[in-house]
There are 2 protein chains.
Amino acid sequence: MASALRVLGIDPGLTRCGVGVVDVRADRSATLVHVGVVRSATDAPIEQRLASIAAGIRAVIADHGPDVVAVERVFAQQNRSTVMGTAQASGIALLLAAEHGLPAATHTPSEVKAAITGYGNAEKLQVQTMVARVLRLDALPQPADAADALALALCHAWRRGPAAGGAVAALTPAQRAWAAAEKATRR
Amino acid sequence: MASALRVLGIDPGLTRCGVGVVDVRADRSATLVHVGVVRSATDAPIEQRLASIAAGIRAVIADHGPDVVAVERVFAQQNRSTVMGTAQASGIALLLAAEHGLPAATHTPSEVKAAITGYGNAEKLQVQTMVARVLRLDALPQPADAADALALALCHAWRRGPAAGGAVAALTPAQRAWAAAEKATRR
């Protein structure tokens, strides 16, 4: 089997934080490793909610050992009432990547849609359908946060390569092997 | 000497994160314990920047053992270009409080100004002047982020008490002693 890049995609959120792990090979084929949602109690103090999210993400990293972490980029313009909690959760996702020695990257929703469907304004359902097809799932991944996390992970693997890896100072052995294999495929 | 509540105030930021530790007694008198700024390199990847901020806050908690952490509340409306980084840093500050078993609280800039000067629209200089006076400093605390962190810490101690502590499920022994002493003073 060809060397695969294991990507943890995180759709940050305070109430529901989507997490998806996929193995992506140089020929762009992909396998589902894990998908789920990390939740926090809406009536808990904010610091406890963030600690719950952190514990859930740490467990996924420990259980599945990703090579890289991809986090959806949050904008101030998005859904105002929850955007601050989403930004806080995204900060924690990125911090945990750094503290596990993993490279991290952020991608915008448009980038994810374009990478998955070829169209930056694609409908959510189109993205989910394509994710299910690529991963050979029998049903659409549920809930939406989990589906978004899988799309983000696929997007990250598909968008990167020698050029997209520029921001990553040090590649892991798995990433180097993947980049070399991908380059070979392109010839 | 009366029992004091040791408050860590954090003015969250990605480039400069203000940290201030004060001991506040039940008679509202206060002593400076530590003030500083945790920085991150603006050219580092976001996950490394957040890790630098986390390491700096952890060091302050380890060195000074606060009873409680007060973090400035971030709004989506604030300074757009940096608000997401500020929100991410605030999430990390709150997470670190939880992971050290410390209660945390957030206060808005208006609440801080009102608590320190009696006026929610006070100028920055008025707040800094009052902070310097209360802590008997020879000069205004610098830079502004550090001054804001001290103001936040004082605000937290002064605003709380039996009523304001409602959101804190479990008080530390020092907080209980402080609340009791404050109650005695009020009689």
Side-chain angles (χ1 to χ4, degrees), chain A residues 10 12-14 17 40-41 43-58 68-108 165-170, chain B residues 10 12-14 17 40-41 43-58 68-108 165-170:
Chain A
I10 298 180
L14 195 52
C17 183
S40 79
D43 58 351
I46 177 69
E47 69 275 17
Q48 296 301 335
R49 300 188 69 181
L50 293 167
S52 296
I53 298 297
I57 295 174
R58 277 201 187 96
V68 58
V69 179
V71 182
E72 186 170 303
R73 184 170 293 179
V74 185
F75 292 99
Q77 292 78 3
Q78 289 169 323
N79 188 350
R80 275 192 203 169
S81 66
T82 60
V83 69
M84 288 295 110
T86 303
Q88 290 175 325
S90 79
I92 282 162
L94 291 163
L95 172 69
L96 293 177
E99 294 190 343
H100 286 81
L102 300 173
T106 60
H107 300 286
T108 68
V168 178
Chain B
I10 298 180
L14 195 52
C17 182
S40 78
D43 58 352
I46 177 68
E47 70 275 19
Q48 297 300 335
R49 299 189 68 182
L50 293 166
S52 296
I53 298 297
I57 294 173
R58 278 202 186 96
V68 58
V69 179
V71 182
E72 186 170 303
R73 185 170 294 180
V74 184
F75 293 99
Q77 292 77 2
Q78 288 170 326
N79 188 351
R80 275 190 203 171
S81 66
T82 61
V83 69
M84 287 297 110
T86 303
Q88 291 174 324
S90 79
I92 282 162
L94 291 163
L95 172 68
L96 293 177
E99 293 191 344
H100 286 81
L102 301 173
T106 59
H107 301 286
T108 67
V168 179

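Residue numbers begin at 1 in each chain, while the letters A, B, ... track the order of the sequences.
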**Q** I need the residue from A:P12, A:A87, A:A54, A:A51 with the largest number of non-hydrogen atom pairs under 4.5 Å to chain B.
**A**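 The residue among A:P12, A:A87, A:A54, A:A51 with the greatest pair count is A:A87.
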
**Q** So which residue, A:S90, A:A105, A:G85, ends up with the most heavy-atom pairs under 4.5 Å with chain B?
**A**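 Answer, by heavy-atom pair count under 4.5 Å with chain B: A:S90.
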
**Q** Look up atom CZ in A:R73 and atom CD1 in B:I46, then write down how far apart they are to the nearest 0.5 Å.
**A**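 Between A:R73 CZ and B:I46 CD1, I get 9.0 Å after rounding to 0.5 Å.
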
**Q** What heavy-atom pair brings A:L95 and B:L50 nearest, and what distance separates the two atoms?
**A**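 Minimum heavy-atom separation between A:L95 and B:L50: CD1-O, 3.7 Å.
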
**Q** Please report the shortest heavy-atom distance between B:G91 and A:I92, naming the atom on each side.
**A**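 Where B:G91 meets A:I92 most closely, the heavy atoms are O-CD1, 3.7 Å.
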
**Q** If you tally heavy-atom pairs under 4.5 Å against chain A, which of B:R49, B:E99, B:Q48, B:Q88 wins?
**A**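 Of B:R49, B:E99, B:Q48, B:Q88, B:Q88 has the most heavy-atom pairs under 4.5 Å with chain A.
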
**Q** Grab the two heavy atoms, one from A:V83 and one from B:M84, that are nearest each other, plus how far apart they are.
**A**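 Shortest heavy-atom contact: CG2-CE, 4.1 Å.
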
